[in-house]
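Notes follow the structure.
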2 protein chains.
Amino acid sequence: MADHKTKASAKTSSPSGGEEAYVPPALANLIGYYLRIAQEASFQAIRQGTGKSDLKPGWYTLLTILSENPGVTPTELSKLCGRDRSTLTSTLNGLDARGLIARRRKAGDQRSYGVKLTAAGEAMLRKLQVIARAHDERLDAIVGKDKPLLMTLLRRIVDELGNGYPPPPARGLGKTSRTR
Amino acid sequence: MADHKTKASAKTSSPSGGEEAYVPPALANLIGYYLRIAQEASFQAIRQGTGKSDLKPGWYTLLTILSENPGVTPTELSKLCGRDRSTLTSTLNGLDARGLIARRRKAGDQRSYGVKLTAAGEAMLRKLQVIARAHDERLDAIVGKDKPLLMTLLRRIVDELGNGYPPPPARGLGKTSRTR
DNA sequence: TATTGTTATACTCTATAACTATA
DNA sequence: TATAGTTATAGAGTATAACAATA
């Protein structure tokens with residue numbers, strides 16, 4: 001269920017947001033826990049910005065990457081955003097259907113194609129940027145002068161955890177496949 | 001697809017982890033973006049700890065809350081963890097099936113029941129705690145002396161974003177429309 | 001009528017495996 | 001054979017709406 005309209009007990013709107021989040025004492029000092037709920041709060045705030053509109057927050061990163069790397073192939077794109085290729089197909093279809101991207105057959109290789117933003121795609125990206133910027137300005141205001149340090153710490157977490165700690169199951173010579 | 005066994009291009013294991021994450025320049029200075037990828041890296045690292053085992057990382061928070069609030073009802077529990085009640089049912093069933101929790105009918109109200117950890121549930125929680133602690137120690141090592149500040153900042157983000165910013169859509173006493 | 005737990009359903013995101021058409 | 005993109009399928013995770021039992 002979800003009594004959202006049941007009566008006047010009307011919490012905010014989402015079950016997450018609203019009131020003060022209860023934090024289990026045992027978790028209150030864990031970086032990992034706060035990383036999660038802070039990210040959740042942030043993401044949820046963004047959703048409120050895009051709302052029902054055709055702007056899917058999930059597109060933002062993808063459009064940004066496309067904007068900065070016009071002509072990439074889906075496989076390259078999947079590596080850039082760290083997801084499996086197969087997860088991109090339907091999103092690309094959606095973007096294509098909305099005229100936000102153009103797929104152009106590669107000259108040399110008939111199997112592949114390059115993806116780039118259309119004018120509409122660039123426009124959509126700009127709209128999303130406005131939302132993203134507004135959101136991050138709010139975050140900037142919250143963290144204030146400590147932003148540089150916060151960014152440093154988060155970057156360090158990404159860099160140090162990001163690499164396969166349990167070292168690559170050492171399965172043979174990985175022919176240099178690079179992220180690119 | 002996912003040619004994980006196709007040949008020697010062998011990345012780490014997950015498409016996410018591995019190599020250095022590519023960060024689109026346009027996003028590199030956004031707190032929200034780094035919040036997300038840092039959280040992703042953290043979560044992914046935890047998964048490596050639990051692996052295939054019967055330990056679902058998602059259980060940790062729930063078991064912790066139950067441990068600290070023995071006897072809560074599902075509805076109370078859903079409020080404590082900020083999710084809709086309906087999302088708890090299947091998880092509780094799973095925990096129950098594994099003998100990790102016990103459901104006991106309430107005396108006063110036949111509709112509800114209290115949930116508490118069994119001995120096995122406490123044991124499972126302890127196992128998860130070991131993993132969580134190890135993980136957070138790694139994070140502690142990464143952030144070093146700046147942990148207190150990092151925690152303060154993350155907490156501030158949660159607190160300030162967490163509350164319904166777009167104030168409750170001011171939807172009047174809508175008691176009318178009910179489910180059925 | 002209101003509330004509790006549950007069920008049904010759906011949507012997002014992501015993954016693996018297998019398929020096709022090239023190479 | 002190996003690679004590129006796609007399809008099929010699956011599984012978390014979460015949401016809303018509706019239901020039956022009980023209050």
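Not measured: the values here are computed from a predicted model. Chain identifiers are assigned alphabetically (A, B, ...) following the order of the sequence lines, protein sequences preceding nucleic acid strands; residue numbering begins at 1 within each chain.
Closest approach to the A:Pro74 side chain among D:dT16, C:dT22, D:dG5 is made by D:dG5 (side chain taken as heavy atoms from C-beta onward). Out of C:dT3, D:dA15, C:dA17, the shortest distance to the side chain of B:Arg111 is found at C:dT3. When the nucleotides D:dA23, D:dT7, D:dA4 are ranked by their closest atom to the side chain of B:Asp109, D:dA23 comes out on top. The A:Asp84 side chain lies nearest to C:dT16 when the options are C:dT4, C:dT16, D:dG5.
For A:Arg103, a side-chain nitrogen or oxygen approaches OP1 or OP2 of D:dT6 to under 4.0 Å. In this structure, A:Thr89 does not reach the D:dG5 phosphate: none of its side-chain N or O atoms is under 4.0 Å from OP1 or OP2.
One N or O donor and one acceptor, one from the side chain of A:Arg85 and one from the base of D:dG5, sit under 3.5 Å apart. At a cut-off of 3.5 angstrom, counting only N and O atoms as typed in the model, there is no donor on one side facing an acceptor on the other between the side-chain of A:Ser86 and the base of C:dT14.
Across residues 55-71 of chain A, not one residue has a non-hydrogen atom less than 4.0 Å from an atom of DNA chain D.
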Please list, one pair per line, the donor and acceptor atoms closer than 3.5 Å that link side chains of residues 144-151 of chain A to other protein atoms, with sequence neighbours excluded.
| unit_1 | atom_1 | unit_2 | atom_2 | d |
| --- | --- | --- | --- | --- |
| A:Lys147 | NZ | A:Asp140 | OD1 | 3.1 |
| A:Lys147 | NZ | B:Asn29 | O | 2.9 |

Donor-acceptor contacts under 3.5 Å from residues 116-126 of chain A side chains, at least two apart:
| unit_1 | atom_1 | unit_2 | atom_2 | d |
| --- | --- | --- | --- | --- |
| A:Thr118 | OG1 | A:Gly99 | O | 2.6 |
| A:Thr118 | OG1 | A:Leu100 | O | 3.2 |
| A:Thr118 | OG1 | A:Ala120 | N | 3.3 |
| A:Thr118 | OG1 | A:Gly121 | N | 3.0 |

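Across the interface with DNA chain C, nearest-nucleotide mapping of A:Arg47 and A:Gln110 shows A:Arg47 to be the residue nearer the 5′ end. Place A:Gly108 and A:Ser90 on DNA chain C by their nearest nucleotides, and A:Ser90 ends up nearer the 5' end.
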